[in-house]
2 protein chains.
Amino acid sequence: MKCKVKKLDSRKFTDYIRAKGLKHSKKRRAIVKFFLKKDLHLSVDELYREIKETNPEIGYSTVYRTLKLLVDARLATERKFGDKSARFEPIHPEEHHDHLICIKCGRIIEFTNDQIEKLQQQVGRKYNFRIIRHKLELYGYCDKCRKKER
Amino acid sequence: MKCKVKKLDSRKFTDYIRAKGLKHSKKRRAIVKFFLKKDLHLSVDELYREIKETNPEIGYSTVYRTLKLLVDARLATERKFGDKSARFEPIHPEEHHDHLICIKCGRIIEFTNDQIEKLQQQVGRKYNFRIIRHKLELYGYCDKCRKKER
DNA sequence: GTATATGCAAACTGTTTGCTTTGTT
DNA sequence: AACAAAGCAAACAGTTTGCATATAC
């Protein structure tokens with residue numbers, strides 16, 4: 001099961017922009033479109049290059065600023081997997097998920113596991129923590145890279 | 001249960017240094033001493049300031065370089081919790097642990113949970129991943145900060 | 001004495017910001 | 001017309017590096 005891009009209506013972005021009294025622009029729309037369309041977990045750089053091909057007049061800072069806007073609007077989250085650069089992914093409010101990351105090819109797969117979630121709550125109780133969110137990342141070799149290994 | 005600093009023999013560092021044909025120095029020893037002595041999960045900056053008080057002639061880059069050396073020697077690991085700066089902690093080879101992080105006061109508590117570990121392996125199997133390592137961080141409010149909240 | 005360690009300043013990377021110009025409403 | 005967006009360059013934070021000097025062996 002690969003990552004599927006779920007429908008995240010760009011209308012939500014429009015709503016947010018309006019509610020904030022901000023303005024729409026071609027470039028913003030282009031960035032949001034790419035962001036939603038492309039496979040998940042893009043780094044800013046990847047997204048920038050991608051966009052650059054069809055919209056060469058868009059600058060780096062605009063990409064950053066728009067992604068930040070998406071995060072503010074709670075339509076995206078920022079993550080860092082090992083490497084130093086930030087990766088953004090659309091939020092699907094109903095569903096939380098964690099990540100499998102291939103340390104060879106960089107592939108990122110999402111998964112969920114209710115049992116793990118429950119055990120985390122249990123850990124929280126044990127230490128008197130009120131757990132708000134968590135991060136679980138499993139690093140290893142994906143099926144393809146395992147085959148190549150030997 | 002607070003983080004306890006377990007005995008991590010600085011002799012291992014000595015061994016590593018020798019094996020690599022590198023040299024000992026007062027400063028290195030001082031840094032390693034502080035690193036092992038102080039509570040875990042120090043940022044470079046925290047460690048630097050700490051050391052500076054008794055060894056004001058030690059520079060930032062030396063701290064970095066020595067920490068890197070510790071990582072190379074597999075005596076420390078580098079982590080990033082949300083904030084941008086790296087934190088280092090001694091490795092205790094026999095034992096893997098995860099972290100509870102208080103989003104109010106920044107307190108970091110270590111924990112282990114075998115059941116979660118097992119479930120992670122299960123997830124790996126499901127997706128045909130060979131899991132090498134993982135990162136689990138639970139963010140929330142610690143007991144002290146929960147009380148203060150209301 | 002030779003080679004490594006260190007300090008300093010400078011380089012570097014990813015990200016953010018200030019300012020002027022351009023675009024949206 | 002008014003005000004936000006975008007581009008560019010410059011600022012920034014954390015980290016790394018080059019080089020001359022100090023230190024360890």
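What you see is a predicted model, and the numbers here were worked out from it, not measured in a lab. Lettering follows sequence order; numbering is per chain, from 1. All values below were derived from every heavy atom in this structure, side-chain atoms included, with hydrogens, water molecules and symmetry-related copies excluded.
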- [ ] Quick one: list whatever passes side-chain hydrogen bond (donor to acceptor under 3.5 Å, both in side chains) with Q120(B), sequence neighbours left out.
- [x] H134(B)
Open item on the list: Which residues pass the side-chain hydrogen bond (donor to acceptor under 3.5 Å, both in side chains) test with K33(A), not counting sequence neighbours?
Closed with: none
Task: Along DNA chain D (nearest heavy atom to each residue), the more 5'-positioned of S25(B) and K80(B) - done: K80(B)
Open item on the list: On the six-membered ring of Y141(A), is R146(A) placed so that its NZ or CZ lies under 6.0 angstrom from the centre and within 45° of the ring axis?
Closed with: no
- [ ] Under 4.0 Å from any atom of DNA chain C, heavy atoms only: list the residues of residues 44-55 of chain A that qualify, in numerical order.
- [x] none
Open item on the list: Please verify the inter-ring angle class for F111(B) with Y127(A); under 30° counts as parallel, over 60° as perpendicular, anything in between as tilted.
Closed with: tilted
Open item on the list: Is the ring pair H24(B)/F13(B) parallel, tilted or perpendicular, if the boundaries are 30 and 60 degrees?
Closed with: perpendicular
Open item on the list: Pick the closest DNA chain C nucleotide for E57(B) and for G21(B) by heavy atoms, then say which residue is nearer the 5' end.
Closed with: G21(B)
Task: Which residue lies more 5' along DNA chain C, comparing L22(B) with K84(B) via nearest heavy atoms - done: L22(B)
Task: Pair I108(B)-L100(B), side-chain contact (heavy atoms from CB on, under 4.5 Å): steps then yes or no - done: CA-CA 6 Å; I108(B) 297 168; L100(B) 283 153; over 6 Å; no
Could you check how far [atom1] of [X] sits from [atom2] of [N], rounded to whole Å?
| X | N | atom1 | atom2 | value |
| --- | --- | --- | --- | --- |
| K26(B) | dT23(D) | NZ | C1' | 10 Å |
| K27(B) | dA22(D) | NZ | P | 11 Å |
| K20(A) | dA5(D) | NZ | C1' | 16 Å |
| Y60(B) | dT17(D) | OH | C1' | 16 Å |
| I17(B) | dA24(D) | CD1 | C1' | 12 Å |
| R28(B) | dA24(D) | CZ | C1' | 10 Å |

Open item on the list: Contact list please: residues 61-69 of chain A against DNA chain D, heavy atoms, distance less than 4.0 Å, in numerical order.
Closed with: S61(A), T62(A), R65(A)
Open item on the list: Can you tell me which residue among E137(B), E78(B), E46(B) is in a salt bridge (charged side-chain N to carboxylate O under 4.0 Å, His left out) with R87(B)?
Closed with: E46(B)
Task: SB check K68(A) D72(A) (cutoff 4.0 Å) - done: no
TODO: State whether K147(B) and D143(B) are salt-bridged, where the test is any N-O pair (Lys NZ or Arg NE/NH1/NH2 against Asp/Glu carboxylate O) under 4.0 Å.
DONE: no
Open item on the list: Can you give me the first and the last nucleotide of DNA chain C (5' to 3') that has an atom within less than 4.0 angstrom of a non-hydrogen atom in chain B?
Closed with: dA3(C) to dC8(C)
Task: Contacts of Y60(A) that satisfy ring-ring contact (aromatic ring centres under 6.0 Å, His included) - sequence neighbours left out - done: Y48(A), Y64(A)
Open item on the list: Less than 3.5 Å apart, any donor N or O on the side chain of H97(A) or E89(A) sitting next to an acceptor on the other?
Closed with: yes
